[in-house]
Amino acid sequence: MNDEVINLRNVWVHYDSMPVLEDVSITVYQHDFLGIIGPNGGGKSTLLRVMLGLVKPSRGEVRVLGGDPEHNRRYIGYVPQYSLFDINFPINVRDVVLTGRAGHALFRRYTDQDKELAYNALKMVDMLPFENRQIGELSGGQRQRVFIARALAAGPKVLLLDEPAAGIDARMQTEFYELLEKLKEKMAIVIVSHDITAISIYVDTIACLNRKLFYHGSKEITPEDLMATYQCPVELIAHGVPHRVLREH
Amino acid sequence: MIEILQYGFMVNALAAASLAAIACGIIGVYVVVKRIVFISGGISHASFGGIGLGYFLGIDPVLCVIPFSIASALSIGEVSRRTKVSEDSAIGIIWTMGMAIGIMFISLTPGYAPDLFSYLFGNILTVPRSDLLIMLLLDIAIITVVYLLYKEFLAITFDEEFATVIGIPAHKLYLVLLCLIALTVVVLIRVVGVILVIALLTIPAAVSRRFTDDLRKMMVLSIFFAALFSITGLYMSYALDLPSGSTIVLVSGIVFSLLELFRHVRRNPPLSAV
């Protein structure tokens, strides 16, 4: 019980009486590395926003670290879709990462400890040499790392990443997943993506989401789950051991 | 230039230009980087209701605008959140309601409204001393709040959702920011009037963005540019007998366009120059 980080029980979300999430139940434990896949419009971002307490479910219960998500979401390291940013914003990398401390340092100046935590977070993602750069001068992959550092600076128990692979080239993606492997030792990680192949190689468990959630706490996905998720036959292909790669039909 | 300073109204005008530059230099940066120009336009136009109320009650319209612009700022910030009205519809409604209320009050006021035009389009040459004091106090309030909440404002203007998640009361602070915009509108009314306010809230900040990537430096630079534009415009309006508010706005716009043009030419040299 005490190593539960996020717990959703029978969660329903409606937008204008249209169900977006139907009876979703899932538990994320301390050392989980979970990938949630599903088609666009299948409710992935809504699910993340429910976990963050930004969207209130119309039915069901959400717990973060055993408590109310609005209170405990500061322990969630949120990495939003980077494409949503104004990259011309006049802010440098160091200040972006420092905003990860802004919730802890509310209405006071940043302390040396805040600055040290931000420094360590930047070091963790190998972005220290770029700390004085304006955020728009970075590549997509570098920017993604900065946003991870910002989330890490807050000292999270779980990292939530929304479509992290979008806008990153293939080589950067490998480095990116290697970084997540490293972070996995310290916190739970939840990735949401519509890209099955990239995600399925690295994560430990996979859930399928298309309004309903299919999750067995493992990496096994049945063809029936995929059928229900993508509403079309999907082939499961195992490319040898130990990684199982799935391909859309 | 020096001899015109012997006129008391000129000294007042220069003081008004400087006080206005401080407010719009600081707050304009937030308006530009958070892309809330339209919201600010809504707040400034709706403030006209306060001017009408001032006429009707027979008290200083500038003083009367303060509660009115704050109320418009808060309604714009809350309406789209609490109802299903989209934000730009909410802005459009509050924008025109405020103006309609202002015109209604003025028509209900017996007699002729003498300097109505100066509240709409500004007249920096007629700023009374009492209004300078209001402007100074509002500047002090704006500087104090931004100094105390600089870090929090940076977090919410850069990424409001992330700020919410890490425990910053982002929406409340956003409302505070909108109120600061409302106060800035009050400071600027005498200089450029409610209709032209948006020029001084955007052009100096947009120009300063060309020179720095740092929000703090942007604020200092945009105070400088706002002062430069206002004083140049003021001098030209005096020398050429032009309306001051629109001269200031046109000077700002021309400098902005020239800078953009120059930047464009430098980046894309014509083929003959290659």
Side-chain angles (χ1 to χ4, degrees), chain A residues 15-16 45 48-49 51-55 64 69-82 84-110 114 132-137 146-147 150-156 160 162, chain B residues 25-26 28-37 81-86 144-174 176 204-222 263:
Chain A
Y15 287 150
D16 293 328
S45 290
L48 284 193
R49 295 172 64 80
M51 290 174 170
L52 290 164
L54 295 170
V55 168
V64 172
E70 272 189 52
H71 186 258
N72 283 346
R73 63 185 168 203
R74 55 204 157 106
Y75 300 106
I76 300 179
Y78 177 42
V79 185
Q81 286 186 42
Y82 94 94
L84 303 176
F85 287 92
D86 171 14
I87 59 163
N88 289 316
F89 198 97
I91 189 169
N92 66 21
V93 167
R94 189 189 317 110
D95 285 343
V96 170
V97 176
L98 263 175
T99 61
R101 298 298 308 160
H104 294 267
L106 202 57
F107 306 130
R108 62 165 171 80
R109 304 267 134 188
Y110 288 123
D114 291 320
N132 289 317
R133 293 280 191 93
Q134 191 260 331
I135 191 76
E137 294 168 7
V146 172
F147 291 135
R150 176 179 70 164
L152 293 178
L160 292 193
D162 195 355
Chain B
I26 296 172
V29 167
Y30 288 117
V31 170
V32 167
V33 301
K34 196 164 167 56
R35 299 185 175 186
I36 45 176
V37 174
R81 203 169 93 113
R82 289 178 189 256
T83 63
K84 285 192 175 170
V85 181
S86 76
T144 310
V145 174
V146 170
Y147 177 76
L148 292 175
L149 297 177
Y150 178 80
K151 174 168 62 65
E152 286 75 14
F153 279 161
L154 180 63
I156 65 159
T157 45
F158 179 60
D159 187 347
E160 196 167 342
E161 190 172 82
F162 182 83
T164 309
V165 168
I166 57 166
I168 294 176
H171 183 69
K172 289 197 184 101
L173 287 172
Y174 175 60
V176 172
V207 169
S208 67
R209 179 69 187 89
R210 296 281 158 248
F211 297 95
T212 176
D213 285 332
D214 183 290
L215 205 70
R216 263 180 267 240
K217 287 182 190 147
M218 240 179 109
M219 287 176 179
V220 175
L221 266 178
S222 88
R263 204 168 63 96

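Quick note on labels: first sequence line is chain A, next is B, and so on, each numbered from 1.
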(request) Search all heavy atoms of B/Glu161 against all heavy atoms of A/Leu54 and return the closest pair with its distance. (result) CG-CD1, 3.5 Å
(request) Kindly indicate whether the side chain of A/Phe107, heavy atoms from C-beta on, has any atom under 4.5 Å from the side chain of B/Leu148. (result) no
(request) Mind running side-chain contact (heavy atoms from CB on, under 4.5 Å) on A/Arg150 and B/Ile166 for me, showing each step along the way? (result) CA-CA 10 Å; A/Arg150 176 179 70 164; B/Ile166 57 166; over 6 Å; no
(message) Taking the cut-offs as 6.0 angstrom to the six-membered ring centre and 45 degrees off its axis, would you call A/Arg109 and B/Tyr147 a cation-pi pair?
(response) yes
(request) Side-chain contact test, heavy atoms from C-beta onward, threshold under 4.5 Å: evaluate it for B/Thr212 versus A/Pro90 and give yes or no. (result) no
(message) Is the shortest side-chain heavy-atom distance between B/Phe162 and A/Val96 below 4.5 Å?
(response) no
(message) Counting only non-hydrogen atoms closer than 4.5 Å, does B/Lys217 touch chain A with its backbone (N, CA, C, O), its side chain (CB onward), both, or neither?
(response) neither
(request) To the nearest 0.5 angstrom, please state how far the CD atom of B/Glu152 sits from the OG1 atom of A/Thr99. (result) 11.0 Å
(message) Nearest 0.5 angstrom please: B/Lys151 NZ to A/Asp95 CG, how far?
(response) 11.5 Å
(message) Is B/Ile168 in contact with chain A via its backbone, its side chain, both, or neither, using a 4.5 Å heavy-atom distance?
(response) both
(request) Between chain B and each of A/Glu137, A/His104, A/Arg108, count heavy-atom pairs under 4.5 Å; write down the option with the most. (result) A/Arg108
(request) Would you mind telling me which of A/Ala105, A/Pro69, A/Ala154 has the largest number of heavy-atom pairs within less than 4.5 Å of chain B? (result) A/Ala105
(request) Below 4.5 Å from any heavy atom of chain B, which atoms of A/Tyr75 appear? Answer side chain, backbone, both or neither. (result) neither
(request) Could you tell me whether the side chain of A/Ile91 reaches within less than 4.5 Å of the side chain of B/Leu215, counting heavy atoms only? (result) no
(message) Do the side chains of B/Asp213 and A/Arg133 get close enough for a salt bridge, i.e. N-O under 4.0 angstrom?
(response) no
(request) Determine, stepwise, if the pair B/Lys84 / A/Asp16 fulfils salt bridge (charged side-chain N to carboxylate O under 4.0 Å, His left out). (result) CA-CA 10 Å; B/Lys84 285 192 175 170; A/Asp16 293 328; 2.8 Å; yes
(message) I need the A/Ile135 CD1 to B/Phe158 CZ distance, nearest 0.5 Å.
(response) 5.0 Å
(message) If you count heavy atoms of other groups shown closer than 6.0 angstrom to CZ of B/Arg210, is the number above 12?
(response) yes
(request) Assess whether side-chain contact (heavy atoms from CB on, under 4.5 Å) is satisfied between B/Asp159 and A/Phe147, documenting all intermediate values. (result) CA-CA 11 Å; B/Asp159 187 347; A/Phe147 291 135; 5.8 Å; no
(message) Is B/Leu173 in contact with chain A via its backbone, its side chain, both, or neither, using a 4.5 Å heavy-atom distance?
(response) side chain
(message) Under a 4.5 Å cutoff for heavy-atom pairs, which residue among A/Pro156, A/Gly53, A/Gly100, A/Gly136 has the most contacts with chain B?
(response) A/Gly100
(request) Measure distances from A/Glu70 to the heavy atoms of chain B and classify the residue's part below 4.5 Å as side chain, backbone, both or neither. (result) neither
(request) With side-chain contact (heavy atoms from CB on, under 4.5 Å) as the test, would you mind laying out the steps for B/Val165 and A/Arg74 before giving the verdict? (result) CA-CA 6 Å; B/Val165 168; A/Arg74 55 204 157 106; over 6 Å; no
